[in-house]
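Labels below follow one simple rule: chain letters A, B, ... track the order of the sequence lines, proteins then strands, and each chain is numbered from 1.
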Protein chains: 2
Amino acid sequence: MPDTAHDFVIALPHRELLDQILDKWSLSVMNELCERPCRFNELRRSIPAVTQKSLTATLRRLERNGLVERRLLTSRPVAVEYAITPLGKTFRAPVEVLLTWADAHMPEIQQARDTFDDESLGL
Amino acid sequence: MPDTAHDFVIALPHRELLDQILDKWSLSVMNELCERPCRFNELRRSIPAVTQKSLTATLRRLERNGLVERRLLTSRPVAVEYAITPLGKTFRAPVEVLLTWADAHMPEIQQARDTFDDESLGL
DNA sequence: CAGAATCCGTTACGATACTG
DNA sequence: CAGTATCGTAACGGATTCTG
């Protein structure tokens, strides 16, 4: 086996990949697309806080990494549809594990934060 | 069950938490501390690319969230030791799932990138 | 409708110097 | 040894305007 265990630094390609698909909006976008293909403005409405610019960038990144597919609908006027890819679907499980963990330990974490913040002040 | 499925936006506290513990250096740091408690400069050597400033910030964040513990060793001169907490240990599993996924699909992803980049040029 | 282009402020980060 | 303080840069993201 190569390493992964005592791996010095999470391996740069991994780190870079995570940066691209765990960023601010990617999870929300993929979450939406996992339910159904969506038009651009449909996505905007589903994720009200995202700006058009960020959404575009997010979709491009996800498309480049093969997690999302951009379909040009040859209608009149031309429309665009985004859909999750098979690869994208395989990413759901790891993410759910992550969110489940977050959910389960959020109270514990919140308490750690409170304690930490109190101590910082208390000094 | 509440939602998570048609959840609009990954829930802000979750998003914020992920930002704090999946950031650039946190995984490498926790990876190291999972093997043994470490001194500050020991960590720096283990993760050569991290600057002192970023390492300090990362450790503080992880400490605040209860994933890492800062132990003041009352020796002469005073030393500091960082260790993973029980909570921190529970985070290992989700991360491994994530990295395993990344490992398994990296070739596929790399090919998607190549294709995408080629098409961008080809036009 | 689905963006591209521009401007602009905040934040992240690295490099460097200094401290108890 | 384990930081803090300061500075400069660069990337990120939001707001706004424009376009086929």
**Q.** B/R39 side chain near D/dC1 phosphate (N/O to OP1/OP2, under 4.0 Å)
**A.** no

(Q) Between B/T115 and B/E119, is there a side-chain donor-acceptor contact under 3.5 Å, judged purely by atom types and distance? (A) no

Q: Check the distance between D/dG13's C1' and B/D19's CG and give it to me in whole angstrom.
A: 13 Å

(Q) Between C1' on D/dC12 and NZ on A/K53, what's the gap in Å once rounded to a whole number? (A) 8 Å

(Q) Could you work out, with side-chain contact (heavy atoms from CB on, under 4.5 Å) as the rule, every residue matching B/A102, not counting sequence neighbours? (A) A/H14, A/L17

Q: Please determine, for the side chain of A/S54, which listed nucleotide (D/dG14, D/dG3, C/dC13) has the closest atom?
A: D/dG14

(Q) Here's a test of your reading of the structure: between B/D23 and A/R60, which maps to the more 5' nucleotide of DNA chain C? (A) A/R60

(Q) When the axes are fitted on five pairs at both termini, how much does the helix from C/dC1-D/dG20 to C/dG20-D/dC1 curve, in 10° steps? (A) 40°

Q. Taking it one step at a time, do A/N41 and A/R45 satisfy side-chain contact (heavy atoms from CB on, under 4.5 Å)?
A. CA-CA 6 Å; A/N41 284 328; A/R45 283 188 294 275; 3.9 Å; yes

Q | Distance, rounded to the nearest Å, where A/Y82 contributes OH and C/dG3 contributes P | A | 3 Å

Q) B/F40 side chain: which of D/dG14, D/dA2, C/dA2 is closest? A) D/dA2

Q: Among D/dG14, C/dG14, C/dG3, find the nucleotide with the atom closest to the side chain of A/R70.
A: C/dG3

(Q) For C/dA4, does the base pair up with any side-chain atom of A/Q52 as donor and acceptor (N or O, under 3.5 Å, distance only)? (A) yes

